[in-house]
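Structure, as structure tokens:
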Amino acid sequence: QVQLVESGGGLVQAGGFLRLSCSASGLTLINYVAGWFRQVPGKAREFVASISANGGSTYYADSVKGRLTISRDNAKNTVYLQMNSLKPEDTAVYSCAVSRRSTVVTAYFNYNYWGQGAQVTVSS
């Protein structure tokens, strides 16, 4: 049974930082592209970042470029999202996902497994 479990969310002031982790079980992470998405109630799910299976390629949404960094440790079956210089508009539920595609992908329908999400709240 595949499980993705996010951790590290919480409340932080604007300008602060958080690091989200996504621990995978039931699969071998090195075989998958990984990504992070976020969603605010009443709005569509938004792509945040994606990383290739070996970690050599990444892609970011313009809104987070230069502030958020995706990385992975395949030996630990874990994907990370380092979030710096946080803004109130970054407030959302952040979910990790993995895809069998061979390259980084941004569309949610390309992802095969999803975590339950972690709340990130940035106060002004």
Exercise. Check the surroundings of atom NZ in Lys76: do more than 12 heavy atoms from other residues, nucleotides or ligands lie under 6.0 Å from it?
Key: no

Quiz item: Going from OH on Tyr59 to NZ on Lys65, what distance comes out if it is rounded to the nearest 0.5 angstrom?
Solution: 5.5 Å

Self-check item: Same apolar cluster (I L V M F W Y, side chains within < 4.5 Å links), Tyr94/Val104
Solution: no

Quiz prompt | Spatial distance of atom CG (Asn110) from atom CZ (Arg100) [nearest 0.5 Å] | solution = 12.0 Å

Exercise. Please check if the side chain of Asn74 supplies one atom and the backbone of Ala53 the other of a donor-acceptor pair under 3.5 Å.
Key: yes

Self-check item: From Ser52 atom OG to Ile30 atom CD1, the distance as rounded to the nearest 0.5 Å
Solution: 10.0 Å

Quiz prompt | Arg72 side chain vs Gly55 backbone, donor-acceptor pair below 3.5 Å | solution = no

Self-check item: Heavy-atom closest contact (Ser124 atom, Pro88 atom, distance)
Solution: CB-CG, 3.8 Å

Quiz item: Does the distance from a Lys or Arg side-chain N to an Asp or Glu carboxylate O, for Asp90 and Lys87, drop under 4.0 Å?
Solution: no

Quiz item: Does the side chain of Ser95 reach to within under 4.5 Å of the side chain of Arg45, using non-hydrogen atoms?
Solution: no

Quiz item: What are the two closest non-hydrogen atoms of Val40 and Ala92, and how far apart are they?
Solution: CG2-CB, 3.9 Å

Quiz item: Do Met83 and Val48 belong to the same hydrophobic cluster, where Ile, Leu, Val, Met, Phe, Trp and Tyr are linked whenever their side-chain heavy atoms lie under 4.5 Å apart, directly or via other members?
Solution: yes

Quiz item: What are the two closest heavy atoms between Leu29 and Ala24, and how far apart are they?
Solution: CD1-CB, 4.3 Å

Quiz item: Should we count CZ of Arg101 as having more than 12 external heavy atoms under 6.0 Å?
Solution: no

Quiz item: Would you say the side chain of Leu68 lies within less than 4.5 Å of the side chain of Leu81, judging by non-hydrogen atoms?
Solution: yes

Self-check item: Verify same cluster id: Val93, Tyr113 (apolar side-chain graph, 4.5 Å)
Solution: no

Practice problem: Determine, step by step, whether Tyr111 and Val33 satisfy the side chain to side chain contact (heavy atoms under 4.5 Å, CB included) criterion, reporting the C-alpha distance in whole Å, the side-chain angles of both residues, the deciding distance to 0.1 Å, and the verdict. | Solution: CA-CA 9 Å; Tyr111 287 81; Val33 165; 4.2 Å; yes

Self-check item: Distance, nearest 0.5 Å, that separates CD of Gln82 from CG of Leu20
Solution: 9.0 Å

Self-check item: Side-chain heavy-atom pair Thr91, Gln119 within 4.5 angstrom cut-off
Solution: yes

Self-check item: Contact check, side chains of Val64 and Arg38, non-hydrogen atoms, under 4.5 Å
Solution: yes

Quiz item: CG of Asn77 to OG of Ser25: how many Å apart, nearest 0.5 Å?
Solution: 8.0 Å

Self-check item: Cluster check Val98, Tyr80: I/L/V/M/F/W/Y, side chain < 4.5 angstrom
Solution: no

Self-check item: For Gly9 against Leu18, the heavy-atom pair lying closest together
Solution: C-CD1, 4.5 Å

Self-check item: Hydrophobic cluster identity match, Tyr60 and Val105, side-chain contacts under 4.5 Å
Solution: no

Quiz prompt | Derivation of the side chain to side chain contact (heavy atoms under 4.5 Å, CB included) call for Thr103 and Ser57 | solution = CA-CA 8 Å; Thr103 60; Ser57 179; over 6 Å; no

Practice problem: Go through Glu6 and Trp114 one step at a time and tell me if the side chain to side chain contact (heavy atoms under 4.5 Å, CB included) criterion holds. | Solution: CA-CA 10 Å; Glu6 298 94 341; Trp114 292 81; over 6 Å; no

Quiz item: Is the backbone of Asn112 close enough, under 3.5 Å, to the side chain of Ser99 for a donor and an acceptor to pair up by distance?
Solution: no

Quiz item: Do Cys96 and Leu4 have side-chain heavy atoms sitting under 4.5 Å apart?
Solution: yes

Exercise. Would you please test Ser63 and Glu46 for side chain to side chain contact (heavy atoms under 4.5 Å, CB included) and show each step?
Key: CA-CA 10 Å; Ser63 59; Glu46 177 188 14; 3.5 Å; yes

